[in-house]
Amino acid sequence: MDGDPRDPEAAAFAELVSAGPVEPRDAMPDAYRALLVRQIAQHAHSEIIGMQPEGQWISRAPSLRRKAILMAKVQDEAGHGLYLYAAAETLGVDRSELVDALHEGRQKYSSIFNYPTLTWADMGAIGWLVDGAAITNQVPLCRCSYGPYARAMVRICKEESFHQRQGFEILHTLMHGTPAQRAMAQDAVDRFWWPALMMFGPPDAESAHTAQSMAWGVKRFTNDELRQRFVDMTVPQADALGLTLPDPELRWNAERGHYDHGPIDVDELREVVAGRGPCNAERMAHKRGAHEAGAWVREAAAAYDAKHGAARAEAVVG
Ligand SMILES: [Fe+2]
Ligand SMILES: [Fe+2]
């Protein structure tokens, strides 16, 4: 069964998608299942790898309050990873297979997490811009065609909007501080603006998966539409903060009713996605190391489950 509309199974599936949502027990084309596994796994991996650039600042946060907030935020991202691995498992894959695929480089994570976090202001820029871009991408996914993914996204989006506000609040505080703090905030935004725009993927003309993904109701807007939405949302917030976005082509276009903006650097995006960004090797080495160091926890959990799971089963039967 594939996407051919003359195929009766494909036609039945198209009907199911439009009536929606598709649930795990429904018949679905192999390619739909594969597309979802790839996308949900990539999303889950991004949440988990995304804990690293911010996790590095937990011990260096400037106050107890900031430390508590950042810890809670990083912990939220772990939770997002878990919801998403669980959603992927409803498609018949095992979480350990997906984790292996990440470790072996067969699956990817978002390019944004391969940039270094050099100052405290980066925590503000990441919350404001990176979580802001994530929300823009993810709000439409709350209504995507696959039920378990859509439902996971509803909760994730609520938490992401908290993350975005905490980033804004960090920058707001810095922008009302000393000249050095304002300069630090501006420098963070200068470094994260373009990578944040790259989170929406390549321009539509070069996006390989968009058409099929839209036909199946997984993706509901194109990369360029979502990028535009993010720019339109963010420019007034930058003005409110007193920050300059590093794009000389950025200006309001009254005719279009949108902000015009410059193009992303597609070569840079391609390099980072191919594993040659500033921190790719470091992120993966850390991830593999943490996985190996945690092997005893997984073994202990499995042994506990084997022992007590069998006892529980007996109790239920008895
Ligand atoms: Fe998240
Ligand atoms: Fe987040």
Side-chain angles (χ1 to χ4, degrees), residues 36 38-58 61 65-89 95 98-99 102 107-117 120-144 146 148-172 188-189 191-193 195-201 218-219 226-227 229-230 233-234 237 279 283 286-287 290:
L36 278 169
R38 200 198 59 203
Q39 179 169 333
I40 300 173
Q42 178 167 330
H43 194 162
H45 300 328
S46 301
E47 301 284 356
I48 299 299
I49 299 282
M51 294 165 75
Q52 289 186 41
E54 288 174 291
Q56 290 175 334
W57 279 89
I58 291 174
R65 175 174 171 266
R66 292 293 182 197
K67 193 189 288 277
I69 294 170
L70 187 60
M71 272 174 70
K73 198 251 184 195
V74 172
Q75 207 165 17
D76 282 353
E77 306 301 1
H80 298 173
L82 295 183
Y83 311 154
L84 288 162
Y85 284 124
E89 285 188 316
R95 179 168 141 192
L98 302 177
V99 172
L102 172 66
Q107 284 177 347
K108 300 203 179 301
Y109 58 90
S110 176
S111 56
I112 189 72
F113 302 116
N114 293 309
Y115 291 86
T117 43
W120 170 253
D122 290 13
M123 300 305 97
I126 288 181
W128 179 45
L129 297 174
V130 175
D131 290 88
I135 295 167
T136 310
N137 260 329
Q138 292 171 6
V139 164
L141 288 171
C142 297
R143 296 186 55 220
C144 82
Y146 189 58
Y149 191 26
R151 290 188 287 273
M153 292 320 303
V154 172
R155 182 162 170 192
I156 290 176
C157 283
K158 285 190 182 144
E159 295 182 349
E160 297 299 4
S161 68
F162 252 94
H163 297 172
Q164 201 251 0
R165 281 157 195 244
Q166 68 87 36
F168 185 92
E169 199 257 345
I170 289 174
L171 293 176
H172 188 269
V189 169
R191 284 181 288 108
F192 276 95
W193 174 249
L197 288 192
M198 291 178 203
M199 289 171 69
F200 297 94
V218 177
K219 206 172 165 71
L226 293 168
R227 195 170 2 247
R229 188 177 286 191
F230 174 70
M233 174 184 89
T234 308
Q237 295 177 6
C279 299
R283 299 288 184 243
H286 185 85
K287 175 70 176 73

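Positions are given from 1 along the sequence. Ligands are counted one by one from 1 in listed order, and the atoms in each one are counted from 1 as well.
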Hey, what's the angle at the Fe ion (ligand 2) spanning OD2 (Asp131) and OE1 (Glu160), nearest 10 degrees?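 It rounds to 90°.
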
Among side-chain atoms of Gln166 and His163, is any donor-acceptor pair under 3.5 angstrom?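 Short answer, no.
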
Scan side-chain atoms only and decide if Tyr115 and Arg191 contain a donor-acceptor pair under the 3.5 Å cut-off.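 Short answer, no.
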
The Fe ion (ligand 1) - closest N/O/S atom in Glu47: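 Closest to the Fe ion (ligand 1) among those atoms: OE1.
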
Applying side chain to side chain donor-acceptor pair (under 3.5 Å), name anything that partners Gln42, two or more places apart in sequence or on another chain.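 Listed in chain order: nothing, the list is empty.
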
Would you say Glu77 has an N, O or S atom lying under 2.8 Å from the Fe ion (ligand 1)?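 Given the 2.8 Å cut-off, Glu77 counts as a ligand of the Fe ion (ligand 1).
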
Got an N, O or S from His80 under 2.8 Å of the Fe ion (ligand 1)?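 His80 does place an N, O or S atom closer than 2.8 Å to the Fe ion (ligand 1).
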
Only N/O/S atoms count here: what is the atom of His163 closest to the Fe ion (ligand 2) called?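 Within His163, restricted to N, O or S, the Fe ion (ligand 2) is closest to atom ND1.
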
Do Trp57 side-chain atoms and Thr117 backbone N/O form a donor-acceptor pair below 3.5 Å?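 Side chain of Trp57 to backbone of Thr117, a donor-acceptor pair under 3.5 Å: yes, one is there.
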
Should the pair Glu169-Arg65 be classified as a salt bridge under the 4.0 Å nitrogen-to-oxygen rule?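 Between Arg65 and Glu169 there is a salt bridge, with a charged N closer than 4.0 Å to a carboxylate O.
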
